[in-house]
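Let me begin by presenting the structure, written as structure tokens, before commenting on it.
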Amino acid sequence: MSALSPALAERLAAAGQEHLIAAVEALGPGGRDRLLADIEGLDLDQVGELVERFCGGRGEAEHAPTEIGPPEAVGIPRDDAQRARDREARAEGEALLRAGRVGCVLLAGGQGTRLGFDGPKGDYPFAPVTGRTLFWHHCAKIAAVRERYGCELPFCVLTSPANDAATRELFAENRDYGLAGGSVRFVVQGTMPAVDAETGRILLEAPDRLALSPDGHGGVLAALRRDGVLEEWAAAGVTTAYTFQVDNPLVRVARPEFLGHHVLAGAEMSTVVVRKVAPEEKMGVVADVDGRTEVVEYSDLPDELAELRDEAGDLALWAGSIAVHAIEVDFIRRITDGPAGLPFHRALKKVPFVGPDGTRVAPEEPNAIKFETFLFDALPEARATSTVEAAREDEFSPIKNARGADSPETARRHLNALYARWLTAAGVEVPTLDGEPVDLEIDPRLALDADQLAARVPPGLSIQGPTAIGPEERG
Ligand code: UTP
């Protein structure tokens, strides 16, 4: 049985965390070992600095930009010159893929608390006809891109300690969702402790466990480095990471036009944006902040800036981030070389905890601060960036909430509408129900976009009701 060493007790006291000394001492042997392991995993100096910066009402407003405006962005092509540029970008992106220089990273380390689904969010059965899951769908896209460009397309899934085992089990049970054996790599992000918002004391989730949660999607960069992926990729000639999130079933994986614009701009990091539909929409905006490209989180964007309109009456800060990025592997190495890494943000949350008398408290109001880094905070560190606009209806419909906006229901409707447009363009009639297309699914291995569907759709395909079309129906 390990005991609390005097040196650790001293460090805890110096960091204002002496309640943890009492918590360790109150435990029997097994519990003590567990709690000590959690405590030893902490960077107490870092926690101390963050508490100093963010607790007790400090750090409400993060740095206020002096000048903020829309980013320079490659728009959706509308004229011949823009279409020609897009074709050029597509050719560049396809060449990059064919040369095996792209690796994909699926961010799936989050807790998915808003959806309230039991298990990793990737196991959510969103597909209306087959009940297929988000993991299934993303992996089918990876398989389809590999086939289309004849490339290996290394694929990493970011997990967190809380969902790593469950995620690996799902992949094992589902035989990597049809991907070639051994071609899925997992990396595990780090955790940070939740602290009492007023006192900065680290909360206990159980008498023998600290309240730890994933350190934010920015943790992916350190995880890729720590787990050796950057080295493996460099050795395999992979220069560019394509990152996307588990909760967006419409996401385009390794979209060549986007990769091509990234290459043509000589960018170290690029990002995809869509037009915000309303000022209050909860998405970060990509903006030019004091001359640098940054993402400003919706919670940090004052209402008067979110509502600002340009001369045409459109939102001035229109570019909503959909969290799809292309990032140079060398740039990730540079960012993770530095001692500071990405900056931490505070998130005020309701975190259940165990009080000093051992009773469990389920707070009704936010009581705790969680510390998270955001992947998009790497953008202003890049020597060159590019921002590329996508059509929202083609690429973005996240599943965040159980009901209402950004829910399984909105994603189902948007996917049906997307597939109905592809089918109609391919000359297939799509029946409607109450003015909306019937439930549709198109396996990504049959078609990744409208053009591929038009080329592959079986002749004489007739749709009568809810329909799932798979690669076996290739005409
Ligand atoms: P969200 O910000 O929506 O967070 O993550 P979440 O944890 O999934 O959901 P809530 O807020 O608890 O309801 C956006 C994406 O970033 C990933 C998520 O898995 C999702 O794909 N993510 C988020 C991580 O990989 N790690 C994190 O620490 C946070």
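Keep in mind that this is a model prediction, so the values were computed, not measured. If you read the sequence from its start, that first residue is 1, and numbering goes on from there. For ligands, and for the atoms within them, numbers begin at 1 and follow the listed sequence.
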Would you confirm whether [X], through its side chain, and [Y], through its main-chain N or O, come within 3.5 Å as a donor-acceptor pair?
{"X": "Lys141", "Y": "Ala254", "result": "no"}
{"X": "Glu92", "Y": "Leu259", "result": "no"}
{"X": "Glu372", "Y": "Arg346", "result": "no"}

For [atom], find the nearest protein heavy atom and state the residue, atom name and distance (0.1 Å precision).
{"atom": "atom 25 (O) of ligand 1", "result": "Gly109 N, 2.8 Å"}
{"atom": "atom 4 (O) of ligand 1", "result": "Arg114 NH2, 4.1 Å"}
{"atom": "atom 26 (N) of ligand 1", "result": "Gln189 OE1, 2.7 Å"}
{"atom": "atom 12 (O) of ligand 1", "result": "Thr113 OG1, 2.4 Å"}
{"atom": "atom 6 (P) of ligand 1", "result": "Gly112 N, 3.6 Å"}
{"atom": "atom 7 (O) of ligand 1", "result": "Gln111 N, 2.8 Å"}
{"atom": "atom 14 (C) of ligand 1", "result": "Gln245 OE1, 3.4 Å"}

query = Any heavy atom of Ser160 sitting closer than 4.0 Å to ligand 1?
reply = no
ask   = For ligand 1, is there an atom lying under 4.0 Å from some heavy atom of Gly216?
value = yes
note = Here the gap from Ile142 atom CD1 to Cys104 atom SG, rounded to the nearest 0.5 Å, amounts to 4.0 Å
key: Donor-acceptor pair between His345 and Asp377 side chains, under 3.5 angstrom   = yes
Can you find an N or O of [X] that's nearer than 3.5 Å to an N or O of ligand 1?
{"X": "Gly110", "result": "yes"}
{"X": "Lys400", "result": "yes"}
{"X": "Leu107", "result": "yes"}

task = Identify whether the distance between the nearest side-chain nitrogen and carboxylate oxygen of Arg275 and Glu389 falls below 4.0 Å.
result = yes
message = Distance under 4.0 Å to a non-hydrogen atom of Pro214: what atoms of ligand 1 satisfy this?
response = 28 (O)
query = Any idea which atoms of ligand 1 are less than 4.0 Å away from a heavy-atom of Leu158?
reply = 25 (O)
message = Students often mix this up, so state it plainly: with edges at 30° and 60°, are the rings of Phe258 and His262 parallel, tilted or perpendicular?
response = tilted
key: His217 ring center near Phe374 ring center (under 6.0 Å)   = yes
ask   = Out of Val272, Leu107, Val251, which one pairs with Phe244 under the side chain to side chain contact (heavy atoms under 4.5 Å, CB included) rule?
value = Val251
